[in-house]
Amino acid sequence: MNGLVVDSVHFAYGGARALEGVSFQVAPGEVVALLGSNGAGKTTTAKVTAGALAPAVGSVTFEGQAVSGLPAHRVMRRGIVLVPEGRQVFAQMTIQENLLMGAYKERRRARVKELLERSYETFPRLRERRSQIAGSLSGGEQQMLAIARGLMSEPRLLIMDEPSLGIMPKLVQEIFGLIRRIAGTGVSVLLIEQNARASLEVASRAYVLEKGRIILEGEGRALLEDEFVQNAYLGAEN
Amino acid sequence: MRGFHKPVPATVWALAALLLAGAVVLPFVASPFHLRLAQQILLFGGLAVAWNLLGGFTTYWSFGHAAFFGLGAFAAGLLGQQLGAEFSVAARLIIGLAFAVAISLVAAVAVALPVLRLRGIYFAIAMLAFAQILGEVSKTFDLFQGAMGFPLPLLKFPGLEKVQLFYFLFLLFCLVSVAVFVLVKRSRLGVGLTCIGQDEDTAAMLGVPTERYKLVAFVLSAMLTAAGGVLYVYGLGFMTSETVFRIDISLNLILFSMVGGIGTVAGPLIGATIMILLTQVVLGDLLDLHMMLTGAVLIAMVILAPKGLLGLFRRAWSRRRLAETVEATP
């Protein structure tokens, strides 16, 4: 398989087991959602996939090459970019500097300029405020900046960890619309979310993670109808 | 790195040229007492700039840079003894400098591999311990002669008094430190280090080779500090463990940076100037009060101006500009 293959990954923080044999796949251009409650191991999965953590057992393969065990900065050069939870923008840098950091690996100046221009076209609000300090943006805007910065490095797989967390509802819609657009450009997306309904609507497939194991997988639409998922993650709605 | 740094404005170049011209003329007009003060400012200001190579960009604050200062001094001093009088003093100094820089490179890599994995306060403590250990080792083993100490040969240069000669050597050292710092700051390395300072994990996600960059900054800083140690003891003419493995040297480098402004090139130099003049001139007769005053200044700076005097100026400046634009708008 050409995309991302995560194969029976185990990981523990000291003695606390976080992942116990997680396996999933993301095909090129596909949006895959990873659902689960707090402490299920979603963020750990994201970090292992992006190389921030090395799996104790198991492997992560991207485009046919093993990436598990490589340091994070090498994994991102292979095309996997993580937009971390809690929109970790560089608060004391300007918006433009944050975006330029996204293109840090790119040494061709002309290309960096193109990427920056493309970024401002996608996110016009960032252009208006490019010389402002990133810390002065609202939460939603910082999330946009974090995503834009991730896109600056031209990922082939974008991992988004809780992009809608703590964001006002109007912007949440905008973020999910954006995820659709990103996938439309051929970038694979691994979407880690608590907002199960919105995720399942954009995702073609989804996995449900609980206590470090994948307990359910299926097509996005199908899971929306699934009784277990409805009870556990969608809440009781009429 | 493009996009992060504007070209240096002409006013800054002019100011730097003016300062340099003043610094070159100074030893021919100033009294030996003032020249000694200027020597200290140049040497410790240059060392504070070198400390900033790691501590200024990132939160890795070394509390033990005296380790490299002393290591350099001992390496050059002991090698000079071995070379003996067959070599001229200048040759011994130059060979000693090269040897000290090489030794500190090896030591810095060896200590960095475990220690740079520690973050924040743990790194600071580990460096403090490293400096203490080196100091004790140099005292304990007779091989190093650190307890009794040993003399260093007197360097001479035709036409210059000793105080003038070492003034120029310290000036040269300070210029090298400043040049290295400015080059690093304006390079990809500097931008990467700045990101590491703000959020190390995110920096790695964006493709910054964090481990390598921290190592390079640490090693450069250590090598410059070792060179400073060599020049310092040659200037003194005598050295023991107590003269170089001094915790107050480690702390002063941090203090000078904090007073002037951490992470800038002018900050540590301004900090060194103010603190050295304050302790040596204003309180010249009250030696006991130095440490107390130093502590008081440090506390005041942390509370009132965490970004140092340069930070204060910048804030005042941007407020004034804001006020002007507000007034200008009808």
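Chain letters run A, B, ... following the sequence lines, proteins first and then strands; every chain starts at 1. Just so it is clear, the structure is predicted and the values come from calculations on it, not from any experiment.
Using a 4.5 Å cut-off between non-hydrogen atoms, no part of residues 47-61 of chain B approaches chain A. By a heavy-atom distance cut of under 4.5 Å, R188(B), L189(B), V191(B), G192(B), T194(B), C195(B), Q198(B), D199(B) are the residues of residues 182-200 of chain B near chain A, going up by number. Of all residues spanning residues 72-80 of chain A, those with a heavy atom less than 4.5 Å away from chain B's heavy atoms are A72(A), H73(A), M76(A), R77(A), arranged by number. Within residues 264-273 of chain B, no residue has any heavy atom less than 4.5 Å from a heavy atom of chain A.
More than 12 heavy-atom neighbours from other residues, nucleotides or ligands sit within 6.0 angstrom of CZ on R119(B). Counting non-hydrogen atoms of neighbouring residues, nucleotides and ligands closer than 6.0 angstrom, the NZ atom of K47(A) reaches no more than 12 such neighbours. No more than 12 heavy-atom neighbours from other residues, nucleotides or ligands sit within 6.0 angstrom of NZ on K113(A). The environment of R212(B) atom CZ is sparse: at most 12 non-hydrogen atoms of other residues, nucleotides or ligands sit within 6.0 angstrom. Shown here is L175(B), whose CG atom has more than 12 heavy atoms of other residues, nucleotides or ligands within 6.0 Å.
Contact annotation for A103(A): neither backbone nor side-chain heavy atoms come within less than 4.5 Å of a heavy atom of chain B. Neither the backbone nor the side chain of M152(A) comes within contact range of chain B, judged by heavy atoms closer than 4.5 Å.
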**Item:** side-chain contact (heavy atoms from CB on, under 4.5 Å) assessment of Q88(A) paired with D201(B)
**Value:** CA-CA 9 Å; Q88(A) 305 292 345; D201(B) 295 327; over 6 Å; no

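Taking CG from L100(A) and CG from L206(B), the interatomic distance works out to 11.5 Å, rounded to the nearest 0.5 Å.
Scanning all heavy atoms of the two residues, the minimum distance from Y104(A) to P209(B) falls at CE2-CD, 4.4 Å.
Here the options are V83(A), L82(A), I159(A), the test is side-chain contact (heavy atoms from CB on, under 4.5 Å), and the partner is M205(B); only L82(A) passes.
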